[in-house]
Amino acid sequence: MKSPFYVTTPIYYINDVPHLGTAYTTIAADVLARYARLRGADTWFLTGTDEHGIKVQRVAEQKGTPPQEYADEVSAMFRATWPRLGCAPDDFIRTSEARHKAGVQDLWRKIRDRGDLFLGHYEGLYCVGCEAYYTEKDLKQPGNLCPIHGTAAETVKEESYFFRLSKYADRLLALYEKNPTFVQPTSRLNEVKSFVQAGLSDLSVSRTTFQWGIPVPDDAKHVMYVWFDALSNYLTAVQEPAERRRFWPASVHLVGKDILRFHAIYWPAFLMAAGYADDELPKQIFAHGFLTYGGQKMSKSLRNTISPADLAESLSPTVGVDAVRYCLMRAISFGQDGDFSIDDVLARYASELGNSLGNLLNRVQPFAKVVPSKGVTGPLEADLAAAHAEGAKAAAEAFDAYNPTRALDAIWTVCAAANVYVDKSAPWAAKKRGDDARLGTIVATLVEELEALSVMVAPVMPSVAAAMRAQLGLPAQAGVVGRDQWPFAAPTRSTGEALPGGAPIFPRFEKEKEQELRARFAPPPEAGAAPAAPEKAKTPPVAAPAAVAPAADAKPAVTYDDFAKLELKVGVVLSAERVKKKDKLLDLRVEIGEAEPRRIVAGIATSYAPEALVGKRVVVLANLPPREFGKGLVSQGMLLAAEDDAGIRLLTIDGESGPGAKVR
RNA sequence: GGGCCUAUAGCUCAAUCGGUCAGAGCCCCCGGCUCAUAACCGGGCUGUUCCUGGUUCGAACCCAGGUGGGCCUACCA
């Protein structure tokens with residue numbers, strides 16, 4: 001019997017909603033789990049939600065609900081999404097559950113008792129009003145102002161527990177050396193290695209500044225910080241009941257490449273520190289790539305428009321989910337970045353699913369209502385059997401290597417061979433000349449091949465597999481531990497069994513429907529042009545903006561002479577373009593009445609589309625020293641603008657004051 | 001700017017160790033078939049494998065530099 005197979009997705013942070021990226025990971029995990037079951041492995045598939053932290057606590061407060069209640073709500077939404085995508089996790093863990101809390105605290109104690117957790121101080125920029133740390137990025141510059149309170153964040157030292165990560169660098173490197181497939185794909189392992197080789201610093205793993213988290217054992221004023229809490233889920237989910245412990249260690253943690261570091265470095269280090277031996281560590285971390293949709297990278301705005309579950313349901317209430325799963329697994333080489341689009345879905349639906357697989361099933365139906373007697377086989381049957389054997393083996397090897405893309409490729413090669421077989425064997429000719437024995441052999445052969453295909457397709461397209469089997473008069477198939485059901489050779493059918501047949505599984509779309517789908521799921525026009533995302537505005541800040549608390553924000557008085565030092569001028573924007581790799585910056589040419597227009601780089605791309613700026617009259621601070629942004633990008637001045645939570649608004653001129661007019 | 005990844009046919013992507021691998025599917029064209037969802041089968045078409053240099057008997061593959069793209073991070077005068 002195969003050893004147990006335990007596959008996980010990351011637990012998803014409930015600050016976000018399920019989107020294409022999370023769907024991709026979860027579907028991939030589901031595919032691997034279904035495949036493992038088919039092969040007879042004792043299989044466990046885990047997903048869940050990550051629910052603690054300051055962000056969740058704050059959103060809950062703003063809604064006036066207890067964090068647990070808010071978490072219940074969002075977590076339920078995640079849980080409800082997976083069946084809509086054909087995913088059937090065996091367990092769904094939430095970090096706010098008692099079993100998780102107990103498990104994490106247990107892990108904490110083990111590490112503490114072995115001496116790798118120690119009390120120290122965490123230093124960061126802290127807003128008193130929020131009772132929270134921010135990075136400089138989160139704060140408004142200059143001055144590190146809190147976006148909510150408008151007050152300056154202070155550098156504060158806080159008591160914090162630290163994990164002695166630095167101690168594990170050598171053992172981690174040894175692990176990677178000994179087990180080169182620990183991180184997949186291989187190119188990712190190199191990344192991880194070089195990160196570890198560069199040196200690891202100890203990790204702050206607790207906070208005292210918020211309460212929505214898991215209390216540190218014997219020091220309840222501390223709450224565990226994100227990664228310690230979150231990563232542990234893989235372990236805590238298989239602690240109770242005790243028989244579930246057979247699944248540890250995990251066979252593979254599926255993760256996006258953005259969180260690889262945490263899984264490939266922190267997680268094994270935590271486990272090592274808790275006393276786990278190398279063979280008790282997860283066997284593999286598999287980092288998949290990122291998806292773009294229609295060539296565009298995923299963004300907040302896109303997440304809201306492209307819901308894979310909606311796409312699936314619009315496509316077809318019966319097989320839409322399978323079609324989406326198929327396309328995600330087929331079109332995107334697992335482990336690499338890839339693109340997903342409605343055009344691709346429609347093309348593959350028509351060609352690979354409808355014409356190749358679906359139509360094959362229909363080609364058999366007119367010839368028999370029951371499974372005929374198979375009779376003597378010839379070279380054509382041998383060819384098909386050979387193609388089948390090769391394809392089935394290749395597909396299994398690909399699935400074993402967590403490469404569903406290649407597995408599907410191999411399966412479709414078999415499908416093509418079956419179509420060739422129909423052509424060459426020409427059952428219609430046998431029928432015409434009344435050769436029932438030959439016709440029977442051909443139909444029986446095809447029925448058996450179709451059964452094999454229904455099995456091989458099942459991990460990716462479970463409902464299509466079921467529909468195929470129903471038309472072939474076969475019972476639904478289910479995984480049985482210890483029984484390998486992979487069809488290395490096509491199975492045999494008993495003569496006389498019913499072939500119920502049925503309507504095409506992948507009916508062609510009407511032109512109108514296709515157009516409608518294309519329109520509805522077209523990638524949205526270039527994102528980022530919209531002024532101040534309304535999405536953000538719907539979460540009003542707790543306190544009123546800066547004006548209410550002028551004292552906190554006030555600067556020391558200046559003299560008129562100080563003010564007079566500023567050279568402020570009216571400028572007209574001649575051109576504006578985005579700056580590559582710098583999302584927030586726009587590169588502007590502004591005419592301010594000098595010989596040459598000024599080049600000004602302004603951090604306003606989040607609030608202004610470049611096109612909208614051309615011709616605008618703005619106020620320019622003209623006597624600042626040039627500021628270097630790298631790569632020859634030099635700003636010769638700055639634009640005056642007002643800024644609050646709603647975004648950035650440029651100061652402009654009431655009337656026609658020409659370029660160069662002095663502002664005072 | 002720092003780190004990492006990536007670039008192959010019009011499109012989406014393959015090519016285990018550098019050596020009959022420059023390939024598949026889609027699109028398009030031609031032919032065949034008629035069981036089937038105007039489906040299927042056969043044939044044809046398109047390549048300076050991003051650029052430049054290097055290593056080698058031999059490079060899509062290795063090395064150096066450059067360019068385009070992506071991700072993380074930084075930037076917000």
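As a basis for the values below, the full set of heavy atoms in this structure was taken, side chains included, without hydrogen atoms, waters or symmetry mates. The sequence lines fix the lettering, A, B, ..., with proteins before strands; numbering per chain opens at 1.
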Pairing nucleotide - [N], Watson-Crick or G-U, each distance under 3.5 Å:
N: B:rA15; result: none
N: B:rC21; result: none
N: B:rA36; result: none
N: B:rC28; result: B:rG44
N: B:rG53; result: B:rC63
N: B:rU8; result: none

Considering only the [atom1] atoms, how many Å lie between [N] and [M], rounded to the nearest integer?
N: B:rA64; M: B:rU73; atom1: P; result: 27 Å
N: B:rG10; M: B:rG31; atom1: C1'; result: 24 Å
N: B:rA36; M: B:rA22; atom1: C1'; result: 36 Å
N: B:rG47; M: B:rU8; atom1: P; result: 15 Å
N: B:rC5; M: B:rA39; atom1: P; result: 44 Å
N: B:rU48; M: B:rA7; atom1: C1'; result: 15 Å
N: B:rC50; M: B:rG3; atom1: C1'; result: 23 Å
N: B:rC41; M: B:rU55; atom1: C1'; result: 48 Å

By nearest-heavy-atom nucleotide on RNA chain B, the more 5' of A:Arg330 and A:Lys424 is A:Arg330
Taking for A:Pro427 and for A:Cys415 the nucleotide of RNA chain B with the nearest heavy atom, the one nearer the 5' end belongs to A:Pro427
Nucleotide [N], atom [atom2] - distance to [atom1] of [X] in whole Å:
X: A:Leu346; N: B:rC27; atom1: CG; atom2: C1'; result: 15 Å
X: A:Asn419; N: B:rC33; atom1: CG; atom2: C1'; result: 13 Å
X: A:Arg348; N: B:rU37; atom1: CZ; atom2: C1'; result: 19 Å
X: A:Phe509; N: B:rA38; atom1: CZ; atom2: P; result: 15 Å
X: A:Ile411; N: B:rG25; atom1: CD1; atom2: P; result: 17 Å
X: A:Ile265; N: B:rC4; atom1: CD1; atom2: C1'; result: 13 Å
X: A:Asp423; N: B:rG42; atom1: CG; atom2: C1'; result: 9 Å
X: A:Asn362; N: B:rA39; atom1: CG; atom2: C1'; result: 9 Å

From the options B:rC40, B:rC33, B:rC26, select the nucleotide whose nearest atom is closest to the side chain of A:Ser351. B:rC26
Ignoring the backbone of A:Val420, work out which of B:rG42, B:rC33, B:rC40 is nearest its side chain. B:rG42
Any sub-3.5 Å donor-acceptor pair from [X]'s side-chain atoms to [Y]'s backbone N or O?
X: A:Tyr326; Y: A:Val345; answer: no
X: A:Glu397; Y: A:Ala394; answer: no
X: A:Arg363; Y: A:Val422; answer: no

Would you please confirm or rule out a distance under 4.0 Å between OP1 or OP2 of [N] and any side-chain N or O of [X]?
X: A:Arg406; N: B:rA15; value: yes
X: A:Asn355; N: B:rC40; value: yes
X: A:Arg508; N: B:rA39; value: yes

Using a 6.0 Å cut-off, check whether atom NZ of A:Lys55 has over 12 heavy atoms from anything other than its own residue. no
Please determine, by modelled atom types, if A:Tyr421 and A:Glu449 share a side-chain donor-acceptor pair under 3.5 angstrom. no
State, to 0.1 Å, how close A:Phe399 and A:Met456 come at their nearest heavy-atom pair, and which atoms those are. CE1-O, 4.3 Å
Step by step, work out the ring-ring contact (aromatic ring centres under 6.0 Å, His included) result for A:Trp227 and A:Tyr266. CA-CA 8 Å; A:Trp227 287 107; A:Tyr266 300 176; 7.3 Å; no
